[in-house]
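Structure, as structure tokens:
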Amino acid sequence: MDWDKLRVFHAVAEAGSFTHAGEALNLSQSAVSRQISALEESLNVPLFHRHARGLILTEQGELLFRTARDVFAKLAMTEAQLSESRERPQGPLKVTTTVAFGTLWLTPRVREFLELYPDIQMSVVLDDGELDLAMRQADVAIRMMPPRQPDLVQRHLMPMHYNVYAAPDYLKRHGVPRTIEELDNHRIIIYGDDCRPPVGNVNWLLDAGAQPESPRRPVLKVNNIYGIFRAVQSGLGIGALPDYFSREADNLVEILPELRGPSFDAYFVYPEELRHSKRIAVFRDFLIKKITDQSEQIAAQQVVQNF
């Protein structure tokens with residue numbers, strides 16, 4: 001198969017149209033269409049069903065696309081590995097993590113990392129779903145649960161715990177609950193039905209200390225932990241949040257500290273074939289150092305408070 005035509009086919013299959021593929025390849029729509037027609041003629045099979053709303057891969061097209069995607073992913077990985085200098089890490093580094101962790105914890109630290117390694121071109125994808133690292137949708141992931149794929153390397157980063165928080169404005173207007181039972185008289189913000197949290201019993205705050213005959217009703221349901229955080233931060237109500245939120249936001253007050261929710265762990269995850277990548281190694285070491293420094297700072301503050 002002609003590599004140029006295969007490259008055009010891969011772009012069309014990903015874009016779903018000749019027009020969008022042409023924009024990505026800097027080719028005209030007619031040039032893209034001619035390349036696809038020539039590839040179909042050389043293979044003697046149709047690769048796309050053409051209709052008014054776009055293009056759909058045929059069964060033969062799906063087979064070719066899966067193979068082409070694997071090939072181009074491996075080529076991209078090889079290109080990145082070849083571009084790395086022996087003396088200094090360089091090249092693209094695509095990192096994915098959840099919306100909340102990426103927004104609050106990771107992105108404020110990217111500047112320091114890039115100042116240390118200016119030859120790395122970093123991109124961050126914030127997505128509460130799991131991008132496929134084996135298919136090179138990203139190079140590295142920071143995930144809130146162990147990876148399920150067997151061909152991924154994982155490194156434990158840190159434990160996280162759910163605590164109960166409210167904004168000062170909310171507590172000023174509604175008072176501070178002194179016991180778990182007093183939560184019956186407060187506005188509770190919980191996860192919605194379409195969420196993908198890292199723990200089971202994610203809405204434990206509704207049940208903690210509540211009477212079965214008079215269950216609590218939430219004031220708001222949100223399917224994203226960052227949305228819960230913003231709602232709590234606005235003063236709408238009380239919510240359960242991972243403890244790193246309070247360290248990164250300056251207007252959360254922990255309430256009922258004796259009330260502990262579920263725990264989970266964050267992991268640094270990447271494909272086995274990138275085990276020797278310098279870009280990934282320095283990013284991993286940077287994260288571990290920042291987490292260690294933060295843990296030591298928290299421990300020192302607790303010693304001072306208990307003195």
Side-chain angles (χ1 to χ4, degrees), residues 1-50 54-85 89-97 119-127 129-143 147-154 268-284:
M1 281 178 278
D2 184 283
W3 275 100
D4 285 336
K5 292 182 177 62
L6 192 61
R7 181 173 64 92
V8 172
F9 164 77
H10 181 260
V12 173
E14 285 198 322
S17 77
F18 293 142
T19 302
H20 292 150
E23 291 171 353
L25 297 170
N26 198 27
L27 294 172
S28 67
Q29 178 182 350
S30 58
V32 172
S33 179
R34 284 196 301 272
Q35 291 278 60
I36 296 300
S37 296
L39 181 60
E40 290 176 320
E41 185 177 344
S42 68
L43 296 173
N44 198 30
V45 294
L47 298 174
F48 293 98
H49 295 298
R50 295 159 172 82
L55 302 172
I56 298 177
L57 286 164
T58 63
E59 183 178 350
Q60 298 91 340
E62 285 280 2
L63 176 61
L64 182 59
F65 178 56
R66 287 196 298 269
T67 303
R69 187 171 56 183
D70 289 346
V71 169
F72 282 107
K74 290 185 180 299
L75 284 173
M77 180 192 68
T78 302
E79 182 182 16
Q81 290 176 336
L82 290 173
S83 70
E84 284 193 299
S85 166
Q90 61 176 285
L93 178 64
K94 190 173 184 179
V95 181
T96 182
T97 190
D119 295 327
I120 291 178
Q121 295 86 51
M122 187 173 181
S123 59
V124 177
V125 180
L126 303 183
D127 193 326
E130 291 190 7
L131 271 66
D132 192 338
L133 300 186
M135 295 308 302
R136 296 305 304 277
Q137 291 181 327
D139 300 311
V140 173
I142 302 172
R143 291 182 176 164
R148 292 186 289 266
Q149 292 175 265
D151 54 346
L152 298 179
V153 180
Q154 68 179 51
F268 184 85
V269 183
Y270 56 94
E272 171 69 32
E273 59 262 32
L274 294 180
R275 181 183 288 275
H276 302 295
S277 168
K278 291 185 179 181
R279 291 163 295 138
I280 289 179
V282 296
F283 183 57
R284 177 198 61 216

Exercise. Please report the closest heavy-atom contact between Pro271 and Leu152, naming both atoms and the distance.
Key: CA-CD2, 3.7 Å
Quiz item: Is the closest side-chain heavy-atom distance between Glu40 and Val45 below 4.5 Å?
Solution: no
Quiz item: Of all heavy-atom pairs between Ile120 and Pro89, which one has the smallest distance, and what is that distance?
Solution: CG1-O, 3.8 Å
Quiz item: At what distance, to the nearest 0.5 angstrom, does CD of Gln60 lie from CG of Asn44?
Solution: 10.5 Å
Quiz item: When you measure from the side chain of Ser37 to the backbone N and O of Ser33, does any donor-acceptor pair fall under 3.5 Å?
Solution: yes
Self-check item: Closest heavy-atom pair and its distance - Ala31, Leu27
Solution: CB-CB, 4.5 Å
Quiz item: Taking the inter-plane angle between the rings of Phe65 and His10 on a 0 to 90° scale, is it parallel (under 30°), tilted (30 to 60°) or perpendicular (over 60°)?
Solution: tilted
Quiz item: Once you round to the nearest 0.5 Å, how far does CG of Asp2 lie from CZ of Arg7?
Solution: 10.0 Å
Exercise. For the pair Thr96 (side chain) and Leu131 (backbone), establish whether a donor and an acceptor sit closer than 3.5 Å, ignoring hydrogens and angles.
Key: no
Self-check item: Inter-residue atom distance His20.NE2 - Gln29.CD, 0.5 Å rounding
Solution: 10.0 Å
Self-check item: Point-to-point distance, once rounded to the nearest 0.5 Å, from NZ of Lys5 to CZ of Arg34
Solution: 11.0 Å
Quiz item: Any side-chain heavy atom of Trp3 sitting closer than 4.5 Å to one from Leu6?
Solution: yes
Quiz prompt | Pair Phe48 and Phe9, ring centroids less than 6.0 Å apart | solution = yes
Quiz item: Do the side chains of Val12 and Leu47 get nearer than 4.5 Å, heavy atoms only?
Solution: no
Practice problem: Run the numbers on Thr19 and Ser17 for side-chain hydrogen bond (donor to acceptor under 3.5 Å, both in side chains), then give the verdict. | Solution: CA-CA 5 Å; Thr19 302; Ser17 77; 4.9 Å; no
Quiz item: Under 3.5 Å, side chain of Glu62 to main-chain N/O of Leu57, donor-acceptor pair present?
Solution: no
Exercise. With rounding to the nearest 0.5 Å, note down the distance linking OH in Tyr270 to CD in Gln154.
Key: 10.5 Å
Quiz item: Taking all atoms of both residues into account, what is the closest heavy-atom pair of Ala21 and Ala15, and its distance?
Solution: N-CB, 3.7 Å
Quiz item: Atom CD of Glu41 and atom CD1 of Ile36: how far apart are they, to the nearest 0.5 Å?
Solution: 13.0 Å
Quiz item: Given side chains that start at C-beta, do those of Leu274 and Leu133 come closer than 4.5 Å, heavy atoms only?
Solution: no
Practice problem: Indicate yes or no for a side-chain donor-acceptor contact from Asp139 to the backbone of Lys94 under 3.5 Å, with no hydrogens or angles considered. | Solution: yes
Quiz item: Could you go step by step and tell me if Leu55 and Arg50 meet the side chain to side chain contact (heavy atoms under 4.5 Å, CB included) rule?
Solution: CA-CA 5 Å; Leu55 302 172; Arg50 295 159 172 82; 3.5 Å; yes
Quiz item: Taking C-beta and beyond as the side chain, do Thr97 and Leu126 meet within less than 4.5 Å on heavy atoms?
Solution: yes
